[in-house]
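In what follows, every chain begins at residue 1, and chains take the letters A, B, ... in the order their sequences are listed. Not measured: the values here are computed from a predicted model.
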Number of protein chains: 2
Amino acid sequence: MGTTKTEGFSKRQNEMATLAKALGHPARVAIVEYLAKAGTCICGDIVDELPLAQATISQHLKELKQAGLIKGNIDGNAICYCIDERTVQRITDYLVSIAARSKNSKCC
Amino acid sequence: MGTTKTEGFSKRQNEMATLAKALGHPARVAIVEYLAKAGTCICGDIVDELPLAQATISQHLKELKQAGLIKGNIDGNAICYCIDERTVQRITDYLVSIAARSKNSKCC
DNA sequence: TCGTAATATCGCAATATTACGATATGGGAA
DNA sequence: TTCCCATATCGTAATATTGCGATATTACGA
């Protein structure tokens, strides 16, 4: 064990879990926030923004990229990152649908 | 190591990471989805809904409760769970603000 | 070509998560 | 009280995550 069981859950549930997991670390939240704030692609300087070593940040960027939350474009010897809005939208839509349904709940 | 660094990140970033992490597992996504779909408090039968052992589900419910995503009320010897809409709203608002800012990005 | 800057990857140690059987706990019913 | 039912907690094995130093890699400029 130690492995997450994915069988038995819907594709959507697994997808949302993966996306949420990718945002489940303050460094990755900070990266996404920084990219959103900037409004443009950010080449480099993410390392200067966070209190983590370069190797660690590279790892976090990789995870965000794999989850589809950010995109990376090679620009010379630097790499430019930016948010993939569509993915963010996907999570937002999902949460909105959850919130909408629990709105009219006669709860304890 | 193995521990997440929280110092150096804002309170909000840490909070969002905690909430996202709580949703970062298909079982917990399924639980939240089920509670939202039901619209009312659910007493019991969550265990029958998921392909996991009772002990495991109890653990997941605990994590969701700790994160503030769900509330639990004791009803006799059963426990009724329901979504805490305010917390879901908090994540949604955050993501919307992220999406809004990255909307007008001239991206690569 | 050589050096340097930017990023990725490797390897490892520390710690966290996941899953579950076994066992507790606490309430209601017989 | 005694027996169930629902839920929580404990203990543990398997695996995942985190963080970082060291080391690649790759592209550019001198």
Side-chain angles (χ1 to χ4, degrees), chain A residues 1-9 13-14 17-31 34-35 41-67 69-82 108, chain B residues 1-9 13-14 17-31 34-35 41-67 69-82 108:
Chain A
M1 295 115 212
T3 328
T4 297
K5 257 195 177 177
T6 53
E7 344 86 61
F9 300 106
Q13 284 165 347
N14 276 305
T18 301
L19 291 177
K21 195 172 179 181
L23 279 176
H25 190 290
R28 296 196 288 266
V29 170
I31 289 171
Y34 180 60
L35 291 178
C41 289
I42 294 301
C43 300
D45 55 31
I46 295 180
V47 174
D48 304 320
E49 279 292 309
L50 304 188
L52 292 170
Q54 181 267 326
T56 309
I57 291 175
S58 183
Q59 218 174 243
H60 284 307
L61 285 168
K62 188 181 173 187
E63 281 174 73
L64 284 172
K65 217 186 321 183
Q66 275 178 341
L69 280 163
I70 66 174
K71 293 179 287 187
N73 282 63
I74 299 174
D75 172 32
N77 65 342
I79 296 193
C80 294
Y81 288 103
C82 61
C108 21
Chain B
M1 293 114 213
T3 329
T4 297
K5 257 196 178 178
T6 52
E7 343 89 60
F9 300 106
Q13 284 164 348
N14 276 304
T18 301
L19 291 177
K21 196 173 179 180
L23 279 176
H25 190 291
R28 296 196 288 268
V29 170
I31 289 171
Y34 180 58
L35 291 179
C41 290
I42 294 301
C43 300
D45 57 31
I46 295 180
V47 173
D48 305 320
E49 279 293 309
L50 304 187
L52 292 170
Q54 181 267 325
T56 310
I57 292 176
S58 182
Q59 217 172 240
H60 284 308
L61 285 168
K62 188 181 173 188
E63 280 174 74
L64 284 172
K65 217 187 317 183
Q66 275 178 342
L69 279 163
I70 66 175
K71 293 179 288 187
N73 281 62
I74 299 175
D75 173 31
N77 65 343
I79 296 195
C80 294
Y81 287 103
C82 61
C108 20

K.L.:
Toward the 5' end of DNA chain D, which comes first, B:Thr56 or A:Asn77, by nearest nucleotide?
P.N.:
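First, find each residue's nearest nucleotide; the 5'-ward one identifies B:Thr56.
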K.L.:
Quick check against the 3.5 Å criterion: does A:Thr18 have a side-chain atom that pairs as donor or acceptor with the backbone of A:Asn14?
P.N.:
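Judged by distance alone, yes, a pair lies under 3.5 Å.
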K.L.:
Just the rounded figure in Å: distance from C1' of D:dC4 to CD of B:Gln54.
P.N.:
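In whole Å, D:dC4 C1' and B:Gln54 CD are 15 Å from each other.
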K.L.:
DNA chain D: B:Thr6 or B:Gly44, which has the more 5' nearest nucleotide?
P.N.:
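Final value for this comparison: B:Gly44.
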K.L.:
Please state whether the rings of B:His60 and B:His25 are parallel, tilted or perpendicular, taking 30° and 60° as the class boundaries.
P.N.:
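B:His60 vs B:His25 ring planes: tilted.
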K.L.:
Toward the 5' end of DNA chain C, which comes first, A:Lys65 or A:Gln59, by nearest nucleotide?
P.N.:
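Whichever sits nearer the 5' end wins; that is A:Lys65.
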K.L.:
Using a heavy-atom cut-off of under 4.0 Å over every strand shown, decide if B:Ala78 touches base, sugar-phosphate, or nothing.
P.N.:
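Answer is sugar-phosphate: B:Ala78 comes under 4.0 Å of backbone atoms only.
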K.L.:
Quick one: which of D:dT18, D:dA6, D:dT7 gets closest to the side chain of B:Thr4?
P.N.:
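Looking only at heavy atoms from C-beta outward on B:Thr4, the closest nucleotide is D:dT18.
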K.L.:
Side chain of A:Ala53, heavy atoms from C-beta onward: which of D:dT15, D:dA8, D:dC20 has the nearest atom to it?
P.N.:
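Comparing D:dT15, D:dA8, D:dC20 against the side chain of A:Ala53, the answer is D:dC20.
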K.L.:
At less than 4.0 Å, is any side-chain N or O atom of A:His60 found next to OP1 or OP2 of D:dT17? Yes or no.
P.N.:
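Checking D:dT17 against A:His60, no side-chain N or O comes under 4.0 Å of OP1 or OP2.
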K.L.:
Round to a whole Å and report the spacing from CG of B:Leu64 to P of D:dA8.
P.N.:
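Whole-Å distance recorded here is 12 Å.
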K.L.:
Among D:dC5, D:dA8, D:dT18, which nucleotide sits nearest the side chain of A:His25?
P.N.:
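Nucleotide nearest to A:His25's side chain: D:dT18.
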K.L.:
Please report, rounded to the nearest Å, how far the P atom of D:dA6 is from the CD1 atom of B:Ile57.
P.N.:
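Spelled out: CD1 on B:Ile57 to P on D:dA6 is 13 Å.
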K.L.:
Which pair of non-hydrogen atoms, one from B:Lys5 and one from A:Pro26, has the smallest distance, and what is that distance?
P.N.:
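Smallest interatomic distance, heavy atoms only, reads O-CG, 3.7 Å.
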K.L.:
Reading DNA chain C 5' to 3', which nucleotide is the first, and which the last, to come under 4.0 Å of any heavy atom in chain A?
P.N.:
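It runs C:dA5 to C:dC20.
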K.L.:
Any side-chain heavy atom of B:Leu35 sitting closer than 4.5 Å to one from B:Ile46?
P.N.:
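They are in side-chain contact.
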K.L.:
Is the phosphate of D:dT15, meaning OP1 or OP2, less than 4.0 Å from a side-chain N or O of A:Thr3?
P.N.:
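A:Thr3 to D:dT15 OP1/OP2: no side-chain N or O under 4.0 Å.
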K.L.:
For the NZ atom of A:Lys21 and the NZ atom of B:Lys21, what is their distance to the nearest 0.5 Å?
P.N.:
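A:Lys21 atom NZ to B:Lys21 atom NZ measures 10.0 Å (nearest 0.5 Å).
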K.L.:
What are the two closest non-hydrogen atoms of B:Leu52 and A:Phe9, and how far apart are they?
P.N.:
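Nearest heavy atoms, B:Leu52 then A:Phe9: CD1-CZ, 4.1 Å.
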K.L.:
Within the 4.5 Å heavy-atom criterion, are A:Gln54 and A:Ser58 side-chain neighbours or not?
P.N.:
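The answer is yes, as the side chains (C-beta and beyond) meet within the 4.5 Å cut-off.
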K.L.:
Look up atom CD1 in B:Ile31 and atom CG in B:Leu61, then write down how far apart they are to the nearest 0.5 Å.
P.N.:
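These two atoms lie 4.5 Å from each other.
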K.L.:
Could you walk me through whether B:Cys43 and B:Cys80 satisfy the disulfide bond (SG atoms under 2.5 Å apart) test, starting with their C-alpha distance in whole Å, then the side-chain angles of each, then the deciding distance to 0.1 Å, before giving a yes or no?
P.N.:
CA-CA 4 Å; B:Cys43 300; B:Cys80 294; 1.7 Å; yes
K.L.:
Check whether any side-chain nitrogen or oxygen of B:Lys21 sits under 4.0 Å from OP1 or OP2 of D:dT17, and answer yes or no.
P.N.:
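Checking B:Lys21 against D:dT17: no side-chain N or O falls below 4.0 Å of OP1 or OP2.
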K.L.:
Give the rounded distance in Å between these two atoms: CG of A:Leu61 and P of D:dC20.
P.N.:
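Taking atom P of D:dC20 as the reference, CG of A:Leu61 is at 14 Å.
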K.L.:
Between B:Asp48 (CG) and D:dA6 (C1'), how many Å, whole number?
P.N.:
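B:Asp48 atom CG is separated from D:dA6 atom C1' by 11 Å.
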K.L.:
Quick one: CD1 on A:Ile79 to CD1 on A:Ile42, what's the gap to the nearest 0.5 Å?
P.N.:
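Atom-to-atom, A:Ile79:CD1 and A:Ile42:CD1 are 14.0 Å apart.
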K.L.:
Return the value, rounded to whole Å, for the distance between atom CD of B:Glu7 and atom P of D:dT18.
P.N.:
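About 15 Å, once rounded to whole Å.
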K.L.:
How bent is the helix from C:dT1-D:dA30 to C:dA30-D:dT1, comparing axes over its five end pairs at each side, to the nearest 10°?
P.N.:
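About 10°, once rounded to a multiple of 10°.
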K.L.:
Heavy atoms only, 4.0 Å cut-off, all strands: where does A:Leu52 land among base, sugar-phosphate and nothing?
P.N.:
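If one applies the 4.0 Å heavy-atom cut-off, A:Leu52 turns out to touch the sugar-phosphate alone, with no base involved.
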